[in-house]
Amino acid sequence: MQLRTQQKDVGSLQGHVTMKDLNCKSACKPSQPGVARRLKHATFLITLALIAPTAFAEISETLTYSDYEVPASNSRSLARALNKTSPIRHDGQTFHAYTTWRVNWNYRWAADTNGDCRIIAVSTGLNTTIQLPRLVGGSYSQRERFQRYLSALNQHELGHHEIGRKAALEVDRQLQAMPAMADCQRLSSAANKLAYRVVNQLKDEERTYDLITVHGRLQGARLDY
């Protein structure tokens with residue numbers, strides 16, 4: 001068997017960037033009675049799905065945090081202070097937190113004398129960065145309210161990280177399970193398409209996650225104006 005190595009980094013793929021305004025007053029609220037209860041139930045179901053292990057897949061991962069300062073003020077609420085100082089802007093809106101995850105994959109394939117190729121080793125990684133606010137100054141009451149908000153906000157963002165992990169695990173699992181193909185270039189092309197498809201599917205799951213948690217509000221990430 002002739003061994004060759006696919007060296008090209010087919011990823012450095014930007015999996016998904018999530019930016020959320022967790023204090024919107026209308027669009028973020030359920031539109032009809034009973035929706036909140038159904039959303040809470042759905043949140044519980046997706047939480048179970050996120051923590052379910054994926055068999056036969058292993059990844060390397062990193063999770064880093066960055067922050068931005070929010071000066072406390074007696075003349076404005078915490079929510080308005082966050083809106084004024086947050087550097088996270090998207091489509092004309094201001095958001096309080098920002099999560100991005102990136103899935104990378106590499107693989108080796110083996111070609112026999114007949115030209116049939118199969119993937120024999122896969123290396124998959126996940127890199128996540130979460131950006132959160134950091135309160136500077138403020139009264140004891142303000143700091144206490146902010147800490148409760150920050151804790152819930154972080155938990156919501158970690159949910160996005162978990163979806164990134166799910167994407168990386170699934171990419172790893174499916175690449176390892178790919179059948180042999182008659183042509184190595186065809187195998188390489190199919191492997192990359194498969195990985196991108198998995199990541200795009202998990203992007204859709206992130207949108208569902210934000211919908212059923214109302215961008216974290218049902219997880220306690222809310223501040224009164």
Side-chain angles (χ1 to χ4, degrees), residues 1-20 42 45-66 88 90 97-131 154-213:
M1 180 176 284
Q2 180 185 11
L3 294 179
R4 300 179 183 176
T5 302
Q6 168 63 285
Q7 297 283 4
K8 183 174 66 174
D9 181 354
V10 296
S12 293
L13 174 66
Q14 187 73 20
H16 185 59
V17 175
T18 58
M19 291 185 280
K20 298 162 290 297
L45 292 179
I46 199 170
T47 300
L48 292 180
L50 289 175
I51 63 176
T54 302
F56 310 117
E58 294 183 4
I59 62 170
S60 62
E61 63 179 288
T62 62
L63 171 61
T64 59
Y65 282 86
S66 65
I88 306 168
H90 183 67
Y98 179 103
T99 296
T100 180
W101 51 260
R102 174 178 296 184
V103 175
N104 302 276
W105 60 91
N106 291 277
Y107 51 86
R108 287 189 299 136
W109 48 261
D112 60 25
T113 55
N114 295 322
D116 291 335
C117 288
R118 71 177 65 252
I119 291 176
I120 60 170
V122 179
S123 175
T124 308
L126 171 68
N127 298 291
T128 303
T129 300
I130 297 176
Q131 186 176 21
N154 183 49
Q155 284 303 117
H156 177 74
E157 299 305 318
L158 286 173
H160 285 284
H161 170 61
E162 288 299 319
I163 294 173
R165 176 185 288 137
K166 185 176 179 180
L169 286 167
E170 189 63 14
V171 165
D172 194 89
R173 186 188 70 80
Q174 291 201 29
L175 287 179
Q176 292 190 52
M178 284 191 70
M181 293 187 179
D183 178 81
C184 294
Q185 291 304 315
R186 181 180 167 195
L187 176 68
S188 178
S189 176
N192 293 339
K193 288 179 181 178
L194 181 151
Y196 279 103
R197 183 168 64 250
V198 168
V199 170
N200 286 332
Q201 289 171 350
L202 269 297
K203 289 182 182 180
D204 292 336
E205 185 166 318
E206 279 204 294
R207 284 186 279 270
T208 301
Y209 171 65
D210 270 335
L211 175 65
I212 66 176
T213 64

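Below, all heavy atoms of this structure are taken into account, side chains as well, without hydrogens, waters or symmetry copies.
- The two residues W101 and A167 make their nearest non-hydrogen contact at CH2-CB, 3.9 Å.
- From C184, atom SG reaches atom CZ of R118 across 11.0 Å, with rounding to the nearest 0.5 Å.
- Applying the side chain to side chain donor-acceptor pair (under 3.5 Å) test to S66 and every residue at least two apart in sequence or in another chain returns nothing.
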**OP:** Go through the steps for L126 and H161 under the test side chain to side chain contact (heavy atoms under 4.5 Å, CB included), then give the verdict.
**Re:** CA-CA 9 Å; L126 171 68; H161 170 61; 3.8 Å; yes
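- Of the inter-residue distances, the one linking R165 atom CZ with I59 atom CD1 reads 6.5 Å to the nearest 0.5 angstrom.
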**OP:** Let me see the working for W105 and N192 under side chain to side chain contact (heavy atoms under 4.5 Å, CB included), right down to the final yes or no.
**Re:** CA-CA 9 Å; W105 60 91; N192 293 339; 3.4 Å; yes
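- Taking the side chain to side chain donor-acceptor pair (under 3.5 Å) definition, one finds that D116 meets it with nothing, sequence neighbours left out.
- Atom-to-atom distance recorded for I163:CD1 and E206:CD is 5.0 Å, nearest 0.5 angstrom.
- Partners of S60 according to the side chain to side chain contact (heavy atoms under 4.5 Å, CB included) rule, which considers only residues two or more places apart in sequence or in another chain, do not exist here.
- For the pair D210 and R207, the salt-bridge criterion is not met [side-chain N within less than 4.0 Å of a carboxylate O].
- Residues that satisfy the side chain to side chain contact (heavy atoms under 4.5 Å, CB included) test with Q155, not counting sequence neighbours, are L158.
- Here CG of L63 is found 5.0 Å from CD1 of I130. Values are rounded to the nearest 0.5 Å.
- One distance of note links CD of E162 with CG of L169; it measures 9.5 Å at 0.5 Å rounding.
- In the model, Y107 has a side-chain atom that pairs as donor or acceptor with a side-chain atom of S188 under 3.5 Å.
- Residues satisfying the side chain to side chain contact (heavy atoms under 4.5 Å, CB included) criterion with A190, sequence neighbours excluded, are M178, M181.
- When all heavy atoms of L175 and A191 are compared, the pair lying nearest together is CD2-O, 3.5 Å.
- When atom types are taken as modelled, the side chain of D172 and the backbone of A168 share no donor-acceptor pair closer than 3.5 angstrom.
- Of the possible donor and acceptor atoms, one in the side chain of Y209 sits under 3.5 Å from a partner among the backbone N and O of H156.
- For T62, the side chain to side chain contact (heavy atoms under 4.5 Å, CB included) partners two or more places apart in sequence, or in a different chain, are N127.
- Interatomic distance, CD of E170 versus CD of Q201, reported as 8.0 Å (0.5 Å rounding).
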